[in-house]
Asker: 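Have a look at this one before I ask anything.
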Amino acid sequence: MRDFLPEDVRRREYVISVVKNVFQRYGFEPLETPAAENIETLMGKYGEEGNQLIFKILKRGVHEASGEADLALRYDLTVPLARVVAEYQNKLPKFFKRYQIQPVWRADRPARGRFREFYQCDVDVLGSTSMLVETEICAAATDALVRLGFKDFCIRLNHRKALTGILGVAGVPLEHHETALIALDKLDKIGPEGVEKDFAARGINEVASRRLLSFFGDLQTLEHAAEIAAGEDPEQKQKALNKAILGRIVEFVGDNELGAAAVDDLRSILEFIGASGIERFVRIDPTLARGLSYYTGAIMEINVKDLAGSLGGGGRYDNLVGMFLGQDVPACGFSLGLERIIVVMTERQMFPEDVESSPADVVVAIWNESSLDDAIRLARDLRNHGLRVDLYPQVDKLGKQFKYAAEKRIRFVALIGDDERANGEVAVKNIESAEQRNIKRQSVGEELRRLVVERRRTS
């Protein structure tokens with residue numbers, strides 16, 4: 001849990017504004033929920049590991065000494081959404097598309113890009129079983145990342161029923177499926193040998209373990225084959241690879257009903273994704289499991305080079321609302337991890353210069369005591385022209401006022417001295433180039449705005 005200094009807040013607000021704008025263009029509506037939920041609302045929704053990371057809130061008042069908890073800080077935004085849909089179903093449209101950008105809390109071990117308090121940027125669609133929903137969600141997440149400047153990310157796509165079919169065919173008993181998925185979810189982190197040991201510790205027999213690891217090991221050879229088939233075209237390579245992986249799943253699951261249904265869903269998503277123009281970013285990955293227990297269908301996760309963990313993830317959870325409502329409501333959603341996005345963008349210097357560098361476009365300096373009113377009026381007029389203006393708060397030496405602007409990386413200083421007042425002008429100094437010019441008082445707002453816009457375009 002961190003403090004955010006001004007430059008940190010500017011970065012966060014920039015990312016949030018870009019993401020929010022994209023979500024709104026896709027027709028998503030805003031929603032907010034309380035920081036605390038009843039503890040029974042959250043417990044049992046996130047799997048065995050998730051339950052251990054929930055921040056519990058002790059009972060208050062005379063019950064405090066009991067050490068019992070009745071509330072908890074929200075762990076994600078999806079379970080609170082399900083509660084809201086169950087509670088307000090009669091007030092919501094048939095197809096409820098919402099976005100939510102709020103903090104969540106997890107009692108996790110802090111690491112690079114991993115915090116105990118962090119923001120999630122969620123989009124969800126409730127009320128439809130169509131695979132168009134998965135496609136739109138992937139497209140919205142892709143659009144947001146592209147507009148932020150990301151180019152090297154990959155949306156990994158899988159299906160929980162495909163995993164269920166694969167596990168069943170491999171010989172993993174149904175009662176061990178959940179624990180097997182937890183182990184498989186670590187494949188890219190601990191490798192096949194680590195997963196094999198984890199399987200053994202979780203009571204999965206050696207035959208099933210070898211069949212599973214053989215299946216997932218064979219998939220690695222498909223990428224080389226796709227490269228040969230597609231040549232240098234990355235989009236065609238991705239398309240060929242996805243087709244080959246789907247074919248391998250079909251071979252392995254055979255006539256397993258759940259596995260076959262999952263393949264049909266994945267085929268539909270890929271077809272729609274092709275029409276959406278984001279095919280080069282999407283890859284079928286049968287190793288993707290995602291630990292949250294409420295997923296029922298397609299699951300997605302976004303990864304970027306040089307970052308352990310993901311930039312976001314989600315999937316279909318058709319049964320979650322039913323836990324609160326008593327009847328199932330189809331639902332699918334995706335969450336972008338704001339903190340990790342900011343970590344990567346900061347390290348790669350992806351933020352626009354005006355976000356990184358300065359809190360204002362211009363400092364209005366003060367010539368002397370008798371020019372205070374002129375300075376105040378000038379600041380007001382420049383603000384009315386859409387400029388961000390920092391009015392220096394006291395009479396001071398000009399050198400100190402110029403130094404103040406330089407330290408805050410504010411490019412322009414505007415000043416009305418005795419000569420400028422007499423001539424109906426404003427002196428404008430470019431701190432970076434040290435160039436100074438006088439501009440007529442009535443046109444200084446438009447001219448300074450032009451200079452600032454020009455500066456942003458060339459930076």
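Quick note: numbers below take in every heavy atom, side chains included, and nothing from hydrogens, waters or symmetry partners.
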Asker: For the atom pair CD1 (I155) and OG (S310), what is the distance rounded to the nearest 0.5 Å?
Answerer: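 Going from the CD1 atom of I155 to the OG atom of S310 covers 11.5 Å.
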
Asker: Considering all heavy atoms of both residues, which atom of F216 and which atom of P286 are nearest to each other, and what is their separation?
Answerer: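 For F216 versus P286, the nearest heavy atoms are CE2-O, 3.2 Å.
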
Asker: Output the distance between atom CG (L448) and atom CZ (R411), rounded to the nearest 0.5 Å.
Answerer: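 It comes to 12.5 Å.
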
Asker: Sequence neighbours left out, cut at 3.5 Å: what donor-acceptor pairs do the side chains of residues 312-319 make with other protein atoms?
Answerer:
residue	atom	partner	partner atom	Å
R316	NE	E134	OE2	2.6
R316	NH1	S128	O	3.0
R316	NH1	D318	OD1	2.9
R316	NH2	S128	O	3.3
R316	NH2	S130	O	3.4
R316	NH2	E134	OE1	3.2
R316	NH2	E134	OE2	3.4
Y317	OH	D124	OD2	2.5
D318	OD1	A331	N	2.9

Asker: Once the angle between the rings of F351 and Y14 is folded into 0 to 90°, is it parallel (under 30°), tilted (30 to 60°) or perpendicular (over 60°)?
Answerer: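 Ring orientation of F351 relative to Y14: perpendicular.
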
Asker: Charged N to carboxylate O below 4.0 Å: is that the case for R160 and E178?
Answerer: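 Salt bridge flag = yes for E178 with R160.
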
Asker: Is it true that a side-chain atom of D122 and a backbone atom of G333 form a donor plus acceptor pair closer than 3.5 Å?
Answerer: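 No; zero donor-acceptor contacts below 3.5 Å.
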
Asker: Determine all donor-acceptor pairs shorter than 3.5 Å in which one atom belongs to a side chain in residues 382-389; sequence neighbours excluded.
Answerer:
residue	atom	partner	partner atom	Å
R383	NH2	V389	O	3.1
N384	ND2	R380	O	3.4
H385	ND1	D381	O	3.0
R388	NE	D361	OD1	3.4
R388	NH1	S358	O	3.4
R388	NH2	D361	OD1	3.0

Asker: Determine the minimum heavy-atom distance between P34 and R83, stating which atoms define it.
Answerer: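 Minimum heavy-atom contact is CD-NH2, 3.9 Å.
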
Asker: State plainly whether the residues R248 and E251 are in salt-bridge range, i.e. N to O under 4.0 Å.
Answerer: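 Yes.
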
Asker: Stepwise, does the side-chain contact (heavy atoms from CB on, under 4.5 Å) test hold for T33 with L81?
Answerer: CA-CA 8 Å; T33 59; L81 168 66; over 6 Å; no

Asker: Can you name the closest pair of heavy atoms from V253 and G165 and give their distance?
Answerer: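 Between these two residues, the closest heavy atoms are CG1-C, 4.2 Å.
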
Asker: Determine yes or no for a side-chain-to-main-chain donor-acceptor pair under 3.5 angstrom, with N38 supplying the side chain and T41 the backbone.
Answerer: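 Flag not set: sc N38 to bb T41 has no pair under 3.5 Å.
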
Asker: Looking only at atom types and distance, does a side-chain atom of N51 sit under 3.5 Å from a main-chain N or O of G44, one as donor and one as acceptor?
Answerer: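 Yes, N51 side chain to G44 backbone: donor-acceptor pair under 3.5 Å.
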
Asker: Taking all heavy atoms of I269 and all of T135, pick out the closest pair and write down the distance.
Answerer: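 Heavy-atom minimum between the residues: O-OG1, 4.0 Å.
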
Asker: Once ring pair (Phe, Tyr, Trp, His ring centres under 6.0 Å) is applied, what residue pairs with a partner in residues 175-214 remain, sequence neighbours excluded?
Answerer: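 Listed by first then second residue: nothing to list.
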
